[in-house]
Colleague: 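If you scroll down you'll find the structure; I have some questions about it.
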Amino acid sequence: SLAHRCHHRATAMLDVPFLPFCAFLGTLGLLCVAMVGTWCQHWRGGFSLDGSSRTFNWHPVLMVTGLVVLYGAAALVYRIPNTWSGPKLPWKVLHGSLALGAFVLTVLGLAAVFCFHNSQGTPNMYSLHSWMGLGTVLLFSCQWAAGFGAFLLPWAPTWLRALYKPIHVFFGSTILMLSMASCVSGINEKLFFSLKNGTMAYKLLPAEAVFANTLGLLILIFGVLVVAALARPSWKRPDSDSPDSRQVQDTLGG
């Protein structure tokens with residue numbers, strides 16, 4: 001019917017291939033990292049480990065790199081079509097390693113902001129941004145430990161893996177969304193603190209505000225695209241006992 005053909009054509013138009021999508025997403029992620037680095041270098045004075053505001057500058061760079069970009073890459077490992085056949089263990093190790101790398105960068109980012117606050121006599125953990133950020137990191141640590149125990153250690157029973165898998169997937173997307181919210185609120189908080197006495201006020205929208213606001217929008221776009229990719233049914237790895245999986249194996253087998 002005409003309606004069916006129109007629906008099929010619309011679906012085909014929206015059917016973006018996975019690898020070009022990944023290339024675009026990777027470019028966007030690198031742009032986010034480059035922009036947060038440029039913001040801290042050009043407008044905020046650069047980087048050091050002396051406990052000054054230049055020590056703080058490691059915080060946004062490490063958080064965006066770890067908790068958003070590297071975490072997003074870890075989340076998408078099982079969407080790569082190459083992972084759908086053959087042994088799963090190497091991909092599990094890659095997924096867990098990328099997530100662990102993201103976690104290490106995140107912990108270093110937390111250390112940078114606590115070091116800065118303590119050396120300046122600034123109170124810790126009083127803002128909504130800090131509560132949300134620390135909550136995200138704690139949830140991330142629980143997620144990684146539970147995932148390691150359930151999926152990488154050989155003695156986890158099959159029923160436990162089956163029970164925990166949807167929970168793991170749900171919290172994977174949840175942590176990414178919380179990371180985005182933490183990053184955007186942190187950018188806003190930093191601009192409010194910085195663009196006042198002696199500088200052009202935030203409300204007058206100086207170049208730094210435009211640049212950092214744009215960075216926040218790009219982080220949101222990156223995160224939303226990752227969540228959209230995770231939710232797309234045709235990009236999900238088929239379960240080993242599903243008809244889709246058997247069809248893939250038959251195709252690969254010739």
Side-chain angles (χ1 to χ4, degrees), residues 21-76 97-120 122 124 127 129-130 132-134 136-137 140 175-196 198-200 202 205-227:
F21 174 84
C22 261
F24 172 76
L25 201 58
T27 305
L28 183 58
L30 290 174
L31 180 61
C32 289
V33 173
M35 283 184 69
V36 70
T38 302
W39 176 33
C40 293
Q41 180 65 47
H42 182 72
W43 280 286
R44 297 287 107 224
F47 303 90
S48 79
L49 297 173
D50 59 2
S52 68
S53 61
R54 294 185 302 155
T55 299
F56 170 86
N57 288 342
W58 287 108
H59 175 68
V61 171
L62 290 169
M63 289 310 200
V64 170
T65 306
L67 210 49
V68 176
V69 178
L70 205 54
Y71 185 89
L76 289 176
S97 299
L98 286 171
L100 182 61
F103 184 70
V104 169
L105 293 182
T106 300
V107 170
L108 292 174
L110 279 183
V113 72
F114 279 114
C115 176
F116 165 67
H117 281 174
N118 293 340
S119 67
Q120 302 294 315
T122 306
N124 290 305
S127 68
H129 163 69
S130 62
M132 186 161 49
L134 189 62
T136 305
V137 175
F140 184 11
I175 290 164
L176 181 60
M177 288 189 285
L178 288 171
S179 301
M180 290 154 49
S182 300
C183 285
V184 170
S185 62
I187 290 167
N188 212 28
E189 187 177 287
K190 183 62 177 173
L191 289 173
F192 275 122
F193 283 154
S194 302
L195 298 179
K196 45 182 185 181
T199 63
M200 191 184 291
Y202 190 10
L205 209 64
E208 179 182 354
V210 174
F211 189 87
N213 286 352
T214 304
L215 166 63
L217 287 177
L218 291 178
I219 288 170
L220 288 176
I221 292 168
F222 177 88
V224 166
L225 287 176
V226 172
V227 172

Colleague: Answer whether the closest heavy-atom distance between the side chains of Glu208 and Trp39 falls below 4.5 Å.
Modeller: yes
Colleague: Looking at every non-hydrogen atom in both residues, tell me the closest pair between Leu62 and Gly109 and how far apart they are.
Modeller: CD1-N, 3.6 Å
Colleague: Is there a side chain to side chain contact (heavy atoms under 4.5 Å, CB included) between Leu110 and Met63? Walk through the geometry before answering.
Modeller: CA-CA 8 Å; Leu110 279 183; Met63 289 310 200; 3.6 Å; yes
Colleague: Could you tell me if the side chain of Leu30 sits less than 4.5 Å from the side chain of Val69, heavy atoms only?
Modeller: no
Colleague: How many angstroms lie between atom OH of Tyr202 and atom NZ of Lys196, to the nearest 0.5 angstrom?
Modeller: 14.0 Å
Colleague: The test is side chain to side chain contact (heavy atoms under 4.5 Å, CB included); show your working for His129 and Asn188 and say whether it passes.
Modeller: CA-CA 10 Å; His129 163 69; Asn188 212 28; over 6 Å; no
Colleague: Under the criterion side chain to side chain contact (heavy atoms under 4.5 Å, CB included), I'd like the reasoning laid out for Asn124 against Val113: C-alpha separation, chi angles, the key distance, then a yes or no.
Modeller: CA-CA 9 Å; Asn124 290 305; Val113 72; over 6 Å; no
Colleague: Tell me the closest heavy-atom pair linking Ser179 and Thr136, and the distance in Å.
Modeller: OG-CG2, 3.5 Å
Colleague: Is Thr106 close to Tyr71 at the side-chain level, that is, under 4.5 Å between some pair of heavy atoms?
Modeller: no
Colleague: Using 0.5 Å steps for rounding, measure from the CG atom of Leu100 to the CG atom of Leu70.
Modeller: 10.0 Å
Colleague: As an exercise, state the distance from CG of Leu67 to CD1 of Ile219, rounded to the nearest 0.5 Å.
Modeller: 10.5 Å
Colleague: Are there more than 12 heavy atoms of other residues, nucleotides or ligands under 6.0 Å from atom CH2 of Trp58?
Modeller: no
Colleague: Nearest heavy-atom pair of Ala181 and Met132: which atoms, and what distance?
Modeller: O-CE, 3.7 Å
Colleague: Can you tell me how far the OG atom of Ser127 sits from the CZ atom of Phe193, to the nearest 0.5 Å?
Modeller: 6.5 Å
Colleague: With a 4.5 Å heavy-atom cut-off, do Ser119 and Thr55 have their side chains touching?
Modeller: no
Colleague: Determine the minimum heavy-atom distance between Gly51 and Cys115, stating which atoms define it.
Modeller: CA-SG, 4.3 Å
Colleague: To the nearest 0.5 angstrom, please state how far the CG atom of Leu225 sits from the CZ atom of Phe21.
Modeller: 4.5 Å
Colleague: Is there side-chain contact between Val210 and Thr214, with at least one heavy-atom pair below 4.5 Å?
Modeller: yes
Colleague: Could you tell me whether the side chain of Asn213 reaches within less than 4.5 Å of the side chain of Leu191, counting heavy atoms only?
Modeller: yes
Colleague: Check this for me: Phe24, atom CZ, are more than 12 non-hydrogen atoms of other residues, nucleotides or ligands nearer than 6.0 Å?
Modeller: no
Colleague: Show the nearest heavy-atom pair for residues Ser52 and Gln120, with the distance to one decimal.
Modeller: CA-NE2, 3.8 Å
Colleague: Please assess Ile187 against Val36 for the test side chain to side chain contact (heavy atoms under 4.5 Å, CB included), listing each intermediate value before the final yes or no.
Modeller: CA-CA 10 Å; Ile187 290 167; Val36 70; over 6 Å; no
Colleague: Could you tell me whether the side chain of Val224 reaches within less than 4.5 Å of the side chain of Met180, counting heavy atoms only?
Modeller: yes
Colleague: Would a distance-only check, ignoring hydrogens and angles, find a side-chain to backbone donor-acceptor pair under 3.5 Å from Asn57 to Gly46?
Modeller: yes
Colleague: For a quick test of reading the model, state the closest non-hydrogen atom pair linking Ala99 to Ala74 and the distance between them.
Modeller: N-CB, 3.7 Å
Colleague: Say you draw a straight line from CG of Leu195 to CH2 of Trp43; how long is it, rounded to the nearest 0.5 Å?
Modeller: 10.5 Å
Colleague: Do the side chains of Phe56 and Lys190 get nearer than 4.5 Å, heavy atoms only?
Modeller: yes
